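Report on one structure; see the data block that follows.
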Amino acid sequence: QVQLVESGGGLVQAGGSLRLSCAASGTIYTIDNMGWYRQAPGKLREFVATATSAGSTYYADSVKGRFTISRDNAKNTVYLQMSSLKPEDTADYYCNARTFRSNNWGQGTQVTVSS
């Protein structure tokens, strides 16, 4: 019942920046955690970053210092500002939102970083 729509993916050169957005709709319940995972070809899906409803943020070690997650609770939207992008950041990025009822995933947006 929760719909997640990601946007902002694309092709960038190494060292460049992208900003991903994810908008949630279809729920009246608090989204306790809202964040991002990614999956590169041939690899498992991995955690990237998340933001709690209280404002806490968490990052994977691989992106600390380069990515910044932010959240607008009024809009049920989360953003991922990615800078200093590396070819190893290339992946499909998936928005994730957790309520007490369900764990929800978006369709994904592709990020490709060329060297």
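The shown structure was predicted, so the numbers you read here are calculated from the model rather than taken from an experiment. Values below: all heavy atoms of this structure, side chains included; hydrogens, waters and symmetry mates excluded.
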* Asked: Side-chain contact, heavy-atom cut-off 4.5 Å: Trp36 with Cys95?
  -> yes
* To do: Return the orientation label for the Tyr93 and Phe67 ring planes: parallel under 30°, perpendicular over 60°, tilted otherwise.
  => tilted
* Greater than 12 external heavy atoms within 6.0 Å of Gln107's CD -> no
Using only atom types and a distance under 3.5 Å, with no angle test, would you say the side chain of [X] pairs donor to acceptor with the backbone of [Y]?
X      : Y      : result
Glu6   : Gly108 : yes
Arg38  : Ala91  : no
Ser83  : Arg66  : yes
Tyr59  : Ile69  : yes
Ser102 : Asn104 : no
Thr90  : Val113 : yes

Single-linkage hydrophobic cluster, 4.5 Å side-chain cutoff, [X] and [Y] together:
X     : Y     : result
Val48 : Val12 : yes
Val63 : Met82 : yes
Ile31 : Tyr37 : no

* To do: Inspect the contact between Asp89 and Lys86 and indicate whether a charged nitrogen and a carboxylate oxygen are less than 4.0 angstrom apart.
  => no
Of all the heavy-atom pairs spanning [X] and [Y], show the shortest one and how long it is.
X     : Y     : answer
Ser17 : Ser84 : OG-N, 4.4 Å
Ser21 : Tyr79 : OG-CD2, 3.2 Å
Asp32 : Arg71 : O-NH1, 3.7 Å

Interatomic distance, [X] atom [atom1] to [Y] atom [atom2] [nearest 0.5 angstrom]:
X     : Y     : atom1 : atom2 : value
Leu80 : Thr68 : CG    : OG1   : 8.0 Å
Thr52 : Met34 : OG1   : CE    : 13.0 Å
Gln81 : Leu20 : CD    : CG    : 9.0 Å
Leu4  : Asn96 : CG    : CG    : 7.5 Å
Asn76 : Ser25 : CG    : OG    : 8.5 Å

